[in-house]
Amino acid sequence: MDHYHFNSGGSHRYVHYKININTKKTLEVKDLKIIGSEEWCVFNEFGIPAIKARVDSGAKTSSIQANNIKLIHKGTEEWVRFEVNPIQDNRSIIIPCETKLHDKRVVKSSSGISEQRFVIKTPVSLNGTTFDIELTLANRDAMEFRMLLGREALIDRYIVNPSVSFAQQNFTNDEIQTKYRPFIKEKSGLKIALLASNPELYSNKRIIEAGIARGHEMVFLNVEQAYMKLDATEPEIRYRGGNIIDEFDAIIPRIRPSMTFYACALIRQFDSMGAFCLNTAEAITQSRDKLLATQLFAKHDIHIPITGFAKSPLDTKDLIKMVNGAPLIIKLLESTQGKGVVLAETNKAAESVINAFKSVQTNILVQEFIKEANGQDIRCFVVNGKVVASMQRQAAKGEFRANIHQGGAASKIKITAEERKLAIKAAKILNLPVAGVDIIRSNKGPLLLEVNSSPGLEGIENATGLDIANIMIEAIEKKLKFKR
């Protein structure tokens, strides 16, 4: 049989013909519809009224965005429970889903990392046409579309016209809002302020969305636009030229290093006015002072890379020798996201860099280089004394820093009991309910690198598929004994 496609009856349908080369007879086999490069899909089984999908005939299996994926058992059957955020860049709308597990497959992500994914089978509808498709459950927050429609769903049903969008059906923004209005929860909870500098950062947007999704009133406060009245009887915090800030139940501080001193003053003021602060000013200040934090870790028997600190240039050579010589790490006390961290590959280079920093009165730490780590470290996200998520970060080629902001790649990792214990203890020593704890694997066992009091969410949420922002809001509810 030879196969041909002919346009028959306008731009929205194709007829698929088979020609028998022996009899020369032409048979119409299938009336194929045109599908665009993006389409709206409906999943009635899960109560999803519309989700925008990227049509990709290069991908075999379809995929849908899923968070908080959990395998459960119903009798002898394996089922999977997960949450879908159907609207791009909006996690405040959450649709809980539950269905029988169809399969488990190893899939290579767009970043080249292979991982096992759960596969479900469910009916999908496109403009009233319903058929079963297989879907892999994957975290697609970093992708442009919440869903991908692969070629298995298209075969014998559709012809792809990549030059058009929504060939099957389109919805206006108003129609989408109407469809999802029942999923928007009324504000009947706490009043929570996010104290930060940039409302457009992924982490800040996610926390706001998570709070709204749980029914709380969320307010973004720019650190630089808030100021305070220090008074024993009537303490106040004002905002943007005189507006007195109403009482908040809780404050979530997300403070960039350059604003630490002023922001911590605001946090103390909120605390004195009765608001619960997720991380206290004292804990944040301790975590930002890398020398103090390192001394506290050593005091409490937490294993760290050998670290040196000195003032006089006369001590530089012995300082280098003390941390086992080059290669070694030179780290500014105020460094963050891998900035202000230098690798000196020879003793001479180390001596030059150290003395250059000292000559301009800049405080630095000198730290042994853990060669066997091969540019990898582990970020553990700790909330209220529990490691709720962990990821491995791999430095980019030619780079020794594994930070995501320095081009590092993140992937989900299962940490050891010893690493878990280390992360929890480090956060506890600094009195941080929320912390990003960085650990490096060495020949001597896991070593603590540092603890971050404002850990980013983007890398770890994308790597693990977990809703960390939601866990942070839950921690506030638990502390304030708030019941939804």
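Sequence positions, counted from 1, serve as the residue numbers for this chain. Basis for what follows: all heavy atoms, side chains included, without hydrogens, waters or symmetry-related copies. Computed from a predicted model, the values in this text were never measured in an experiment.
Qualifying side-chain contact (heavy atoms from CB on, under 4.5 Å) partners for P96, counting only residues two or more places apart in sequence or in other chains: none. Scored by the side-chain contact (heavy atoms from CB on, under 4.5 Å) test, L201 finds N198, N204 as partners (sequence neighbours excluded). Scored by the side-chain contact (heavy atoms from CB on, under 4.5 Å) test, I424 finds V387, R420 as partners (sequence neighbours excluded). For K481, there are no salt bridge (charged side-chain N to carboxylate O under 4.0 Å, His left out) partners, not counting sequence neighbours. Under the side-chain contact (heavy atoms from CB on, under 4.5 Å) criterion, L137 pairs with I64, A66, I69, V80, F82, F118, I120, sequence neighbours left out.
From L328, atom CG reaches atom CD1 of I306 across 11.5 Å, with rounding to the nearest 0.5 Å. Distance CD1/I330 to CG/L365: 11.0 Å, rounded to 0.5 Å. Residue L101 holds its CG atom at 12.5 Å from NZ of K74, rounded to the nearest 0.5 Å. Separating the CZ atom in F145 from the NZ atom in K52 is a distance of 6.0 Å, to the nearest 0.5 Å. In this structure, I252 CD1 and I208 CD1 are separated by 7.5 Å, a value rounded to the nearest 0.5 Å. Taking CD1 of I473 as the start and CG of L278 as the end, the distance is 8.5 Å to the nearest 0.5 Å.
Looking at heavy atoms from C-beta onward, I192 lies out of side-chain contact with V219 at the 4.5 angstrom threshold. At a threshold of 4.5 Å between non-hydrogen side-chain atoms, the residues V434 and F381 count as touching. For the pair R146/P86, no side-chain contact is recorded, criterion being any heavy-atom separation below 4.5 Å from C-beta on. Side-chain contact between N462 and Y202: present, with at least one pair of heavy atoms (C-beta onward) separated by less than 4.5 Å. The shortest distance between side-chain heavy atoms of E78 and K100 does not fall below 4.5 Å. Put simply, the side chain of L432 reaches to within 4.5 Å of the side chain of S287, judged on heavy atoms. Counting heavy atoms from C-beta on, the side chains of K425 and L448 never come closer than 4.5 Å. Counting heavy atoms from C-beta on, the side chains of E477 and R214 come closer than 4.5 Å.
Between R441 and E372 there is no salt bridge, since no side-chain N of the basic residue sits under 4.0 Å from a carboxylate O of the acidic one. For E144 and R54, the salt-bridge test fails: no basic side-chain N is under 4.0 Å from an acidic carboxylate O. Taking 4.0 Å as the cut-off between side-chain N and carboxylate O, E461 and R206 count as a salt-bridged pair. Salt bridge K444/E368: present, at least one basic N to carboxylate O contact under 4.0 Å.
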**Request:** In sequence, state the C-alpha distance, the side-chain angles, and the governing distance for I207 and L457, and then conclude on side chain to side chain contact (heavy atoms under 4.5 Å, CB included).
**Result:** CA-CA 9 Å; I207 291 169; L457 304 187; 3.9 Å; yes

**Request:** Determine, stepwise, if the pair I476 / L480 fulfils side chain to side chain contact (heavy atoms under 4.5 Å, CB included).
**Result:** CA-CA 6 Å; I476 293 173; L480 298 181; 3.9 Å; yes

**Prompt:** Passes side chain to side chain contact (heavy atoms under 4.5 Å, CB included), C380 versus I415? Steps please.
**Reply:** CA-CA 9 Å; C380 297; I415 59 174; 4.0 Å; yes

**Asked** Going through the distances and angles, do R117 and R105 end up as a side chain to side chain contact (heavy atoms under 4.5 Å, CB included)?
**Response** CA-CA 5 Å; R117 292 183 185 171; R105 292 177 194 160; 5.9 Å; no

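Using modelled atom types, no side-chain atom of E419 and backbone atom of I440 make a donor-acceptor pair closer than 3.5 Å. No donor-acceptor pair under 3.5 Å is formed between the side chain of Q269 and the backbone N or O of I237. In this structure, the side chain of D438 does not engage the main chain of R379 through any donor-acceptor pair within 3.5 Å. With hydrogens and angles disregarded, no donor-acceptor distance shorter than 3.5 Å links the side chain of E98 to the backbone of I72. Y180 places no side-chain N or O within 3.5 Å of a backbone atom of I48 that could act as its donor or acceptor partner. Looking only at distances, no side-chain donor or acceptor of T316 sits under 3.5 Å from a matching main-chain atom of E351. Of the possible donor and acceptor atoms, none in the side chain of T99 sits under 3.5 Å from a partner among the backbone N and O of C97. When atom types are taken as modelled, the side chain of D249 and the backbone of K191 share a donor-acceptor pair closer than 3.5 angstrom.
For the residue pair S453 and N279, no side-chain donor N or O sits within less than 3.5 Å of a side-chain acceptor on the partner. Side chains of S454 and R254: no donor on one and acceptor on the other come within 3.5 Å. There is no side-chain donor-acceptor pair under 3.5 Å between Y262 and E224. Between the side chains of T136 and T61, not a single donor N or O lies within less than 3.5 Å of an accepting N or O.
Across every non-hydrogen atom of A50 and I176, the tightest pair is CB-CD1, 3.9 Å.
Checking N470, N85, D467 one by one against N67, the side-chain hydrogen bond (donor to acceptor under 3.5 Å, both in side chains) holds for a single residue, N85.
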Side-chain donor-acceptor pairs of residues 292-301 under 3.5 Å, sequence neighbours excluded:
unit_1, atom_1, unit_2, atom_2, d
T294, OG1, K290, O, 2.6
H300, ND1, L296, O, 2.9

